[in-house]
Amino acid sequence: MRWKITAKSSRALACAGLLIAALSGGASAARAQALASGRANRGMNLYESLAGSSSSSGSVFSMSNTLGYDFNALIGADLTVPVYFVLPPANNGFAGSATGLGNLSIDARLNLESPVVDYQPTATVAFPTGSTTKGFNAGSVTYDFDNRFEHDFGVLTPFFDVDVGNSLNNGNLRFRRKIQRPYVTLGKVAEFMAGPEVHLTHRLTLSADAYEVMPWGPQTLISRIVLPGAVGKGGKHNRTYEIIQRQVGGAKLVRDDGFDASVVFSPNHFIDLTLAFNRSIHYSLNTISFSVGFNISQLLSSRRD
């Protein structure tokens, strides 16, 4: 098996590396250690989030309910149930809006710190509770194993992330890319991300990364914006999910590469606000995303205090 990184992706990764090096050289302020609001507690956590992504391919919104438990500073687990709302592009008369339950998922995570590098592995399994015809489910149990490596240099945290599994759009990790794709996939795939996080204050974080999606073997792509049996409009720049609801093919079907940028603001210890931008080079597609997260456990705790 041989994976080929495109020239455009190589340039994007090189730019990310140069950005890390430049910021590392100028970072001298001490970083205030702050996790996202959803990871601020020990013990039980109830986290609610509303997120959405919009592009010329349509809009996908989700409301996620996550019940988590941190056994200690090293080990935790989560149970997540999402609900999706999909709006197709206005110019696609054969697409349909849809609402419904997504896939119930469970994950187990570790937080391993060392003087050299911090390592955060997370294993996720998602069960096919969502509708396949609406594009909320790939028709099978999906899984992935995410591996996050990072190290703090003052206000700067360079990171490298590799996620291997049998589907994209799996998992609910705080450092996941903020985009919600207008399709789901089924097939073996690895996703690589590299970039910096810049912690301007303990409440405000900027992040950027270059990414490469590298699938192999048979792949299935299920559109969220085209009705079963219909033929939609569009399809330029490899965006076949705008035309056909379900496709089966080789690795090229779900390959992707590009870059992301986001800003996360936590005005207090129980609210997270995120605004993000994604540029897919493979699909020649720009996507704007947002999310609003509430740590209900922290909110109730503060009211009791």
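Just so we're clear, the structure is a prediction, and the values are computed from it rather than from any experiment. Only this structure's heavy atoms are used, side chains among them; waters, hydrogens and symmetry mates stay out.
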- Using 4.0 Å as the upper bound for N to carboxylate O, is an ion pair formed by Arg109 and Asp146? no
Check [X] against [Y] and note the closest heavy-atom contact, atom names and distance.
X: Gly76; Y: Asp70; result: CA-OD1, 4.0 Å
X: Gly249; Y: Leu253; result: N-CD2, 3.7 Å
X: Pro88; Y: Ile225; result: CB-O, 4.0 Å
X: Pro215; Y: Ala251; result: CG-O, 3.0 Å
X: Gln219; Y: Lys188; result: NE2-O, 2.9 Å
X: Ala138; Y: Ile222; result: CA-CD1, 3.7 Å

- Task: List the steps and the verdict of side-chain contact (heavy atoms from CB on, under 4.5 Å) for Leu87 and Phe61.
- Result: CA-CA 8 Å; Leu87 297 176; Phe61 302 93; 4.1 Å; yes
Counting only N and O atoms by type, is there a donor-acceptor contact under 3.5 Å from the side chain of [X] to the main-chain atoms of [Y]?
X: Asn166; Y: Val141; value: yes
X: Glu242; Y: Gly235; value: yes
X: Arg239; Y: Tyr283; value: yes
X: Thr185; Y: Leu168; value: yes
X: Thr129; Y: Leu104; value: yes
X: Asn137; Y: Gly139; value: yes
X: Asp272; Y: Ser266; value: no
X: Ser297; Y: Leu46; value: yes
X: Arg224; Y: Gly135; value: yes
X: Asn238; Y: His282; value: yes

Starting at [atom1] of [X], measure out to [atom2] of [Y] and round the result to the nearest 0.5 Å.
X: Tyr47; Y: Asn65; atom1: OH; atom2: CG; answer: 12.5 Å
X: Gln247; Y: Thr220; atom1: CD; atom2: OG1; answer: 10.0 Å
X: Leu67; Y: Leu79; atom1: CG; atom2: CG; answer: 6.0 Å
X: Asn286; Y: Ser57; atom1: CG; atom2: OG; answer: 10.5 Å
X: Gln120; Y: Asn111; atom1: CD; atom2: CG; answer: 5.0 Å
X: Ile271; Y: Arg203; atom1: CD1; atom2: CZ; answer: 10.5 Å

- The side-chain contact (heavy atoms from CB on, under 4.5 Å) partner of Ser291 among Leu275, Leu50, Thr274, Leu273 is Thr274
Strictly by modelled atom types, are [X] and [Y] linked by a side-chain donor-acceptor pair under 3.5 Å?
X: Asp107; Y: Thr122; result: no
X: Thr133; Y: Ser131; result: yes
X: Tyr211; Y: Asp161; result: no

- Message: Please check if the number of heavy atoms outside Arg246 that lie under 6.0 Å from its CZ is greater than 12.
- Response: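 No, CZ of Arg246 has 12 or fewer neighbouring heavy atoms, counting only those of other groups under 6.0 Å.
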- Item | Test log, rule side-chain hydrogen bond (donor to acceptor under 3.5 Å, both in side chains), inputs Asp78 and Thr66 | CA-CA 7 Å; Asp78 303 290; Thr66 300; over 6 Å; no
- Query: Under a 4.5 Å side-chain heavy-atom rule over Ile, Leu, Val, Met, Phe, Trp and Tyr, are Trp216 and Val162 clustered together?
  - Reply: yes
- Task: State plainly whether one hydrophobic cluster holds both Tyr183 and Val86, where clusters connect Ile, Leu, Val, Met, Phe, Trp and Tyr through side-chain heavy atoms under 4.5 angstrom apart.
- Result: yes
- Glu150, His199, Glu197 screened by side chain to side chain donor-acceptor pair (under 3.5 Å) with Thr157, the one that passes: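 So, applying the side chain to side chain donor-acceptor pair (under 3.5 Å) to Thr157 and each of Glu150, His199, Glu197, only His199 qualifies.
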- Please test Phe136 against Leu101 for side-chain contact (heavy atoms from CB on, under 4.5 Å), starting from the C-alpha separation and ending with a verdict. CA-CA 7 Å; Phe136 300 155; Leu101 184 69; over 6 Å; no
- So, Tyr143 versus Phe145, ring centres under 6.0 angstrom or not? no
